[in-house]
Protein chains: 2
Amino acid sequence: MIKADERREEIADYVIKLGQVRIDDLVEHFGVSRMTIHRHIDRLAQQGVLRKLHGAVTVQPSGLYESAFRYRVTVNRAEKDALARTALDYIEAGQVVMLDDSSTANAVATLLLDVKPLTVITNSVATAALLTHVDELDFICLGGQYHNTYNAYIGIVCENAVAQLRANVLICSASAIIGTTAFIQDPNVVRVKQAMMAASVKRILLIDHAKFDRIALHVFDDLTSFDVVLATEGLGDARAQALERAGVKLRIVKTKAP
Amino acid sequence: MIKADERREEIADYVIKLGQVRIDDLVEHFGVSRMTIHRHIDRLAQQGVLRKLHGAVTVQPSGLYESAFRYRVTVNRAEKDALARTALDYIEAGQVVMLDDSSTANAVATLLLDVKPLTVITNSVATAALLTHVDELDFICLGGQYHNTYNAYIGIVCENAVAQLRANVLICSASAIIGTTAFIQDPNVVRVKQAMMAASVKRILLIDHAKFDRIALHVFDDLTSFDVVLATEGLGDARAQALERAGVKLRIVKTKAP
DNA sequence: TACTAGCATGTTAAGTTAACGTCAATACGT
DNA sequence: ACGTATTGACGTTAACTTAACATGCTAGTA
């Protein structure tokens, strides 16, 4: 329920404020069982917000602000799952699918095992780990310089690798949406994503509503460049109508059952 | 000790034979403490040979253990370690090191953490897993088509990625040695390795004695093309002298203490 | 209203890990 | 040679984590 998400935010804030906290302190501070704390921090750790130690948790070593920023974006697992499930509508067996390094695309990867046979291309280490050792699935990893923050391969080697390939469908995400433009934090990531755009026939952008009202530095592309933009219903009717008026091929995804 | 490696091989064989074994069964079967079994299987799991479940271990979900990378790691482990330790003589901090997809090069990777800072390039998934998340280490993964048998990325994408890079040192191995020529089983792997040769200033070949008296289909390169050929003493004096007469820069590595 | 499904949570038993101590083999300086 | 670190394997225990099952709450539905 919503209360669980709030509790997770409280826990994340608490840990981020103190830097490192023993699990028993969390148990005492929040007045719930040790098991429940474990379940919460497991999920936060899976989202990359916290890191479990053995009896304690710390914030991920990538700067407090960014961690605090990141966990709010990734909290909504239900939204990502709903987006991922809808994205499957645009993927058919036998196609070549390219996935970027976003956690949303990673969620799509978990569902792709039901659409085999398939060729999948990605620069995400997390997604690569999911797709190795899978039968009936041709997997191509985009190499490049490993970047810890994104847990992905980027850089010129990656861009050139993308340029050699062609995909039927690209599934990607962005850091922020301002007006009808998608933005990304890192210029090197932008170049990789733009190369992916150029190498794909159909382009699908997945955005949860937390991507609005945020700021990122570098322009990725205009929303009208995508064949489909999947957004969760949280973005609001006004904004949805504005985007459609601007020519964006928007499709709203309901988080709950249809 | 050597005994520990043998014990790990015994455990691996036992688990591979039965498919899945409970940890307590291993404790009883080998007559050591539960903790020791844990330590053994942790290492095997890290090598990708086994997978820990929770109270049990299984073999990795991939059909071909004999020829697969995972099993090769445990074969001739003492020899590979000796070769790897000697190979460190040719690597200095700050250099760019390229490693192929051989298990021997993987053994070198485990030792590289002591030579930081370093830039490491590889197409091996096992080696990549070792080198991600390491501070002071610039890691570049060579992408390409994932190949289950080698647990590595190969193909034209990989070859082109290699061609964009330059390394100070290449550490590689071969499937077989016949006369003064190194052979490889798979033509696609040959092309990647040849690209690696062209992209490296100093080339080092690591071969354990099991590589002699074997047959592989495709020519990799002549042994005289390497700046150093490290071989274990098992290859025999006669063969060593013949190679040196042919101009091979051979260095014999002792497995045991002198 | 009653029924059902889906979560969040608690409880307990089984399993795992960290930390420390012992022992043997190896390296090193004198 | 000799004693002295050093290293790695192994065991023991206490702390910690996980899986599995049970309970209760909430929302949607007949």
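Letters A, B, ... mirror the listed sequences (proteins, then strands); counts begin at 1.
Judged as a salt bridge (Lys or Arg N to Asp or Glu O under 4.0 Å), and not counting sequence neighbours, the contacts of Lys52(A) are Asp42(A). For Asp89(B), the salt bridge (Lys or Arg N to Asp or Glu O under 4.0 Å) test picks out Arg251(B), with sequence neighbours left out. Judged as a side chain to side chain donor-acceptor pair (under 3.5 Å), and not counting sequence neighbours, His147(B) has no contacts. For Thr122(A), there are no side chain to side chain donor-acceptor pair (under 3.5 Å) partners at least two apart in sequence or on another chain.
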So which protein N/O to nucleotides 13-20 of chain D N/O distances come out below 3.5 Å?
residue: dC16(D); atom: OP1; partner: Arg22(A); partner atom: NH2; Å: 2.5
residue: dC16(D); atom: O3'; partner: Gly55(A); partner atom: N; Å: 3.0
residue: dT17(D); atom: OP1; partner: Gly55(A); partner atom: N; Å: 2.7
residue: dT17(D); atom: OP2; partner: His38(A); partner atom: NE2; Å: 3.0
residue: dT18(D); atom: OP2; partner: Lys52(A); partner atom: NZ; Å: 2.8

Table please: side-chain donor-acceptor pairs of residues 26-36 of chain A below 3.5 Å, with sequence neighbours left out.
residue: Ser33(A); atom: OG; partner: Met35(A); partner atom: N; Å: 3.4
residue: Ser33(A); atom: OG; partner: Thr36(A); partner atom: N; Å: 3.2
residue: Ser33(A); atom: OG; partner: Thr36(A); partner atom: OG1; Å: 3.1
residue: Arg34(A); atom: NE; partner: Asp24(A); partner atom: OD1; Å: 3.0
residue: Arg34(A); atom: NH2; partner: Asp24(A); partner atom: OD1; Å: 2.6
residue: Arg34(A); atom: NH2; partner: Asp24(A); partner atom: OD2; Å: 3.4

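One finds no side-chain N or O of Thr36(A) lying less than 4.0 angstrom from the OP1 or OP2 phosphate oxygen of dT9(C).
The distance from atom NE2 of His40(B) to atom C1' of dA9(D) is 8 Å, rounded to the nearest whole Å. Rounding to whole angstrom units, CD1 of residue Ile37(B) and P of dG15(C) are separated by 15 Å.
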